[in-house]
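Along the sequence shown, residues are numbered consecutively beginning with 1. As the structure is a prediction and not an experimental result, all values here were calculated from the model.
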Amino acid sequence: MAITIDGVATEVPADETLAAAMLQSGRLDLRITPIGGKPRSAYCMMGVCFECLVTVDDQPNQQACMTPVRPGMRVERGRP
């Protein structure tokens, strides 16, 4: 299934969460911390830690680990 991650068309597996699909496609840093600018990745994969916040279709602060992928979605990795 095709989605766009940071402006790049990317093929990801269907029936996955966005975090799992991004990790499988080699996107390990899902967001950048506001203090220090450090990269963060998915940690708990069950919606508890909020390390996987991304922007989905212009909606910021979406938990990638709780968001199912769908064709055509536009994802931007979290920025401070």
Closest approach of [X] and [Y], non-hydrogen atoms and distance?
| X | Y | result |
| --- | --- | --- |
| L30 | C52 | CD1-CB, 3.7 Å |
| E11 | A2 | OE2-CB, 3.4 Å |
| S25 | I5 | OG-CD1, 4.3 Å |
| A14 | V69 | CA-CG2, 4.3 Å |
| V8 | T10 | O-OG1, 3.0 Å |

For residues 33-46, which side-chain N or O atoms pair as donor and acceptor with protein atoms under 3.5 Å away, sequence neighbours left out?
from: T33; atom 1: OG1; to: I35; atom 2: O; distance (Å): 3.1
from: T33; atom 1: OG1; to: G37; atom 2: N; distance (Å): 3.3
from: T33; atom 1: OG1; to: K38; atom 2: N; distance (Å): 2.8
from: T33; atom 1: OG1; to: K38; atom 2: O; distance (Å): 3.4
from: R40; atom 1: NE; to: E51; atom 2: OE1; distance (Å): 3.4
from: S41; atom 1: OG; to: L28; atom 2: O; distance (Å): 2.5

- Sequence neighbours excluded, the answer for side-chain hydrogen bond (donor to acceptor under 3.5 Å, both in side chains) partners of E76 is none
- Item | side-chain contact (heavy atoms from CB on, under 4.5 Å) evaluation trace for Q63 with L53 | CA-CA 5 Å; Q63 286 181 280; L53 296 179; 3.8 Å; yes
- CD of Q59 to OG1 of T67: how many Å apart, nearest 0.5 Å? 11.0 Å
- Query: Are D15 and R70 within salt-bridge range, i.e. N to O under 4.0 Å?
  - Reply: no
- Joint cluster assignment, V75 & L23, ILVMFWY side-chain distance < 4.5 Å: no
- Message: Quick check on the hydrophobic clustering: are V12 and V54 connected, directly or via other members, by side-chain heavy-atom contacts under 4.5 Å?
- Response: yes
- Message: So does M22 get a backbone contact from the side chain of Q24, meaning a donor-acceptor N/O pair under 3.5 Å?
- Response: no
